Every structure is written in structure tokens, then in C-alpha cells.
Number of protein chains: 2
Amino acid sequence: MALDHAILVSLAERSASGYDLARRFDKSIGFFWKATHQQIYKVLARMEAAGWLEATAVEEPGRPAKKVYALTADGRGELTRWTAEPTPTESVRSDFAVKVRGMQFGDRGAVIADIARQRDRHIDRLAYYEADCTKHFPEPERLTDGELPAYLVLRGGIRTEQTYIEWCDEMLDALGAPKPRSKR
Amino acid sequence: MALDHAILVSLAERSASGYDLARRFDKSIGFFWKATHQQIYKVLARMEAAGWLEATAVEEPGRPAKKVYALTADGRGELTRWTAEPTPTESVRSDFAVKVRGMQFGDRGAVIADIARQRDRHIDRLAYYEADCTKHFPEPERLTDGELPAYLVLRGGIRTEQTYIEWCDEMLDALGAPKPRSKR
DNA sequence: AGATACATGTAAAATGTTACATGATTTT
DNA sequence: AAAATCATGTAACATTTTACATGTATCT
């Protein structure tokens, strides 16, 4: 009951094949939920069997045929039911935090290098999100009801990345380590 | 290769029984990694078989006997090896973000109420972290090398909660909904 | 000729969740 | 007397990850 709903939301936005979905899960919706194509194909088959989805074979010349999935009335019903449910507390799971906490029992220098790497990665991701935001929502003051949710979720991603970078900065300062790139 | 290292870090800090660990995973280390007792007992058995841990039966009058686990040299070796590995990008998984993104296809009012609920929960968690921080690290300017990592990880938790609350505020404002409690 | 993009899957292994199971002691 | 805390597990099920499998078309 997890990837299922992420796929339902994505298909509600626009019908797609398993392959298309796999690419979406590498960006846009994938910023907040990761999934591989193997997982996606399996869940699509299960949801089609459950009657939440309908598949249509689409052939384009010079390309393999694809199965495009669309929500059925039952699928839309399930999506509505799910949105009305209160979200359970998300189970936190941060390898990185555990590693920082365990640095004194391992390779201190390597962990500091890892913090610096993590910082770089989040700087890149922040830049990516900000570019995405400017591109899709150039005028945040004038958003339609349809655009608002995607915008707000992206704002959450931007805030999260900023916070992560600031946290890495605080750690590198406290550990007396230099920061690898300019930014701050 | 996930809960394993969280348990190794916790046991490196102090030897414990499965039951003790289950309680630690309800707080402290559990802020960054969730695990149930069923999972913990299974992983402990596996790691003992692998020679990373050693169990000693401890009996206290008026209480059931417990098996206290401690790291072996191999266990410490594995922990060091793991800390030296670069941390792979964490796979994001936010039910809540997916739900916000899908609000237009479901029950808008229910999702707004859910955002308010989420906000309250993170206000509570922030208060908890801050109290924990004041209690364990009353003088953050004077931390020993042993205290620093746990302090920094807690700081990360505090920053994360603050950001989450601010994000919920932004969403409630944008959606024209009132905020349930004082705070801001 | 080799790499990348398009397109869809199966199978095995590892991990995680939920339900079941038991029994002593302490607190309300 | 019932509920909570202490203490350790097994079993079934669901989910996720990793490896295997296949084939066409386009780009370099």
C-alpha cells in the first residue's frame, strides 16, 4: 500500500506505460518516492488484476509496442479513499545519520570525507530542484489549483535540501574540517 | 546490511540485550532508524552466528534472564569497514509528499487536515528533541570527542523538524487554511 | 561496432511488517 | 483483577533489491 498509491497519483496526472513511469520515478515524483522498473511492472500487473487500471496496447512505428495504463473508476475511487486516510508517521531511516553517530567507533577521517560528499550531492540536488521550480512555476504568485500541489511538494524538497546542506556545514565546522565547494 | 549497522553502533556505545535495544530503537538511535523487536532478535541471531557478536546470559533476581550482546573483534572490524564506505544516496520515500501531490485527485479537505495533523506531530517531536538536547548537552560549546557525534546527529533532527513545520506552515498558508496551534 | 534508449518482464534473495505465542513480575 | 513492563522468540506475508533475460532501433 505504498508504491501503489504513488503510481496511482502519477497515472491520475497522465496515463503512461511501465517504462514511462520508470522514467518519472527517476525525476519528478521520484524525488519523493524511489522505484525500479521491476517493482513498477509487478505493481501495475497487480493493480490491473484488481481492476484499478486498464491497459491499452499502443504501437508506434519504429518502436516496441507499449502498454499504456489508465485509471478506472475503481482506481480513482481507491485514490480518493487513500487521500482521505490520515498519513501514518513515516518511519525514518537514515544510513547517514547512523554512520555519523558511529564515527567514533570507525574511520573518523572517512566519515568526515563522507559528510563533505553528501554536502556536494545535496548542493547539486538543490540546484536541480530550483531550476525545475523556475522552469515549471515561473510565477509562484499566480498558480492554478492544479499546479499548487506539485509546487508545494517541490518547495518541500527545496527546503529539505537547504536544511541538509546547512546541517553538513554545521558538522564540518564542529569537526574542524574544510568545506569542499564555495557555496557559503 | 542496514539494521545490522545501526545495531552495531548501538552495541558499540554500550552492550545490551535484544529487549534493551528494542527500547533504544523507540528513542535515541530510533530517531534515525526504526526497528521492531522481532526484527532485532532476528538480526542479533544472524550477527551472533556470523561472529560479530557474543552473548552472555545475565540473571537478575525477580526478572527473566536476559542475553546481553557485546561486539567481538570481528564486529568492531565490520563497523570500521562500514564507516569507511561512502554512504549511498538515501532512497527517499515520503507517503505524505505523495499524498499532498495527489490531493487534487482526492479529498482536498482531508489532505489539508492531514497537513495540520502532521504539523502538530512535528511540533511535538521538535519539543522532544530540544528537551533531549538541553538535558544531554547543556553546554554545546564544551563537548568531548565522544559526545560530539551524538550531538550533531540530534542537531540534524532538530533542523529537520523545524524545516518540516515551516513547510507545513507554507502549505497551509497557500491553501488558505488556518493553523491549529499557536507556534508562529 | 559498441553504447544508449526503448520496452517488458521473471526469479531469487534479502528485508521488513504483522500476527501469534509464552510466561514472570510489578503497578494500578 | 487487569494492565503494563520485562524478556524472547516463531511464522506467515509483503515488499524491496539484485540478478537474469530478451529484443529492436537509434546514435556516435
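Since the structure is predicted, the reported quantities are computational estimates derived from the model, not experimental observations. In what follows, every chain begins at residue 1, and chains take the letters A, B, ... in the order their sequences are listed.
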Starting at atom CG of A:Asp95, determine the distance to atom P of C:dG16, rounded to an integer number of angstrom. 10 Å
Map B:Val68 and B:Ser91 onto DNA chain D by nearest heavy atom, then report which one ends up closer to the 5' terminus. B:Val68
If the cut-off is 4.0 Å, is B:Thr36 near the phosphate of C:dG16, judged by side-chain N/O to OP1 or OP2? no
Between its two end axes (five pairs each) the helix from C:dA1-D:dT28 to C:dT28-D:dA1 turns, nearest 10 degrees, through 40°
Rounded to whole angstroms, how far apart are CD on A:Glu60 and C1' on C:dA5? 14 Å
Integer-rounded Å distance: D:dA7 C1' and B:Ile40 CD1: 13 Å
A:Tyr19, nearest nucleotide to its side chain (from D:dT8, D:dT18, C:dC6): C:dC6
What I want to find out is whether A:Arg159 reaches B:Glu170 closely enough, with some N-O distance under 4.0 Å, to be called a salt bridge. yes
Give a yes or no on whether a salt bridge exists between A:Arg117 and A:Asp114, defined as a side-chain N under 4.0 angstrom from a carboxylate O. yes
Can you check salt bridge (charged side-chain N to carboxylate O under 4.0 Å, His left out) on B:Lys66 and B:Asp20, steps first, answer last? CA-CA 10 Å; B:Lys66 55 170 154 175; B:Asp20 296 334; 3.5 Å; yes
Can A:Thr87 and B:Asp95 be said to form a side-chain hydrogen bond (donor to acceptor under 3.5 Å, both in side chains), step by step? CA-CA 7 Å; A:Thr87 309; B:Asp95 252 301; over 6 Å; no
Candidates C:dT8, D:dA7, D:dT17 - which lies nearest the side chain of A:Gln39: D:dT17
Which class fits the ring pair B:Tyr129 and B:Phe31: parallel under 30°, tilted 30 to 60°, perpendicular over 60°? tilted
Starting at the 5' end of nucleotides 20-28 of chain C, put B wherever the base has a protein heavy atom under 4.0 Å, S where only the sugar-phosphate does, and a dash everywhere else. B--B-S---
Under 4.0 Å from OP1 or OP2 of D:dA14: is there any side-chain N or O of A:Arg46 that close? no
If you only use heavy atoms from C-beta on, which nucleotide in C:dT15, D:dG9, D:dT17 is closest to the side chain of B:Arg93? D:dT17
In whole angstroms, the gap separating P of C:dT10 from NZ of A:Lys42 amounts to 9 Å
If you check the B:Lys66 side chain, which of C:dT8, C:dT18, D:dT8 turns out closest? D:dT8
Given D:dT16, C:dG16, C:dG9, identify the nucleotide with an atom nearest to the side chain of A:Leu3. D:dT16
Any side-chain to backbone donor/acceptor pair from B:Thr83 onto A:Asp107? Under 3.5 Å, distance only. yes
Rounded at 0.5 Å granularity, tell me how far CG in A:Asp173 sits from SG in A:Cys168. 11.5 Å
Solution key, residues 35-44 of chain A side-chain donor-acceptor pairs under 3.5 Å, sequence neighbours excluded:
unit_1: A:Thr36; atom_1: OG1; unit_2: A:Gln38; atom_2: OE1; d: 3.4
unit_1: A:Gln39; atom_1: OE1; unit_2: A:Thr36; atom_2: N; d: 3.4

Whole angstrom value for the distance that separates P of C:dA7 from OH of A:Tyr41: 9 Å
Just to confirm, is there a sub-4.0 Å distance from OP1 or OP2 of D:dC6 to any side-chain nitrogen or oxygen of B:Arg23? yes
Once you round it to whole Å, what is the distance between C1' of C:dG16 and CG of B:Asp4? 12 Å
Roughly, in whole Å, what's the span from CG in A:Leu21 to C1' in C:dC6? 15 Å
Side chain of B:Arg93, backbone of A:Lys34: donor and acceptor closer than 3.5 Å? yes
Counting the atoms with a prime plus P, OP1 and OP2 as sugar-phosphate, which does B:Ala45 contact under 4.0 Å by heavy atoms, base, sugar-phosphate, or nothing? nothing
Protein-nucleotide distance (A:Lys27, atom NZ; C:dA5, atom C1'), rounded to Å: 14 Å
For the pair B:His5 and B:Trp52, name the ring-plane relationship: parallel under 30°, tilted 30 to 60°, perpendicular over 60°. tilted
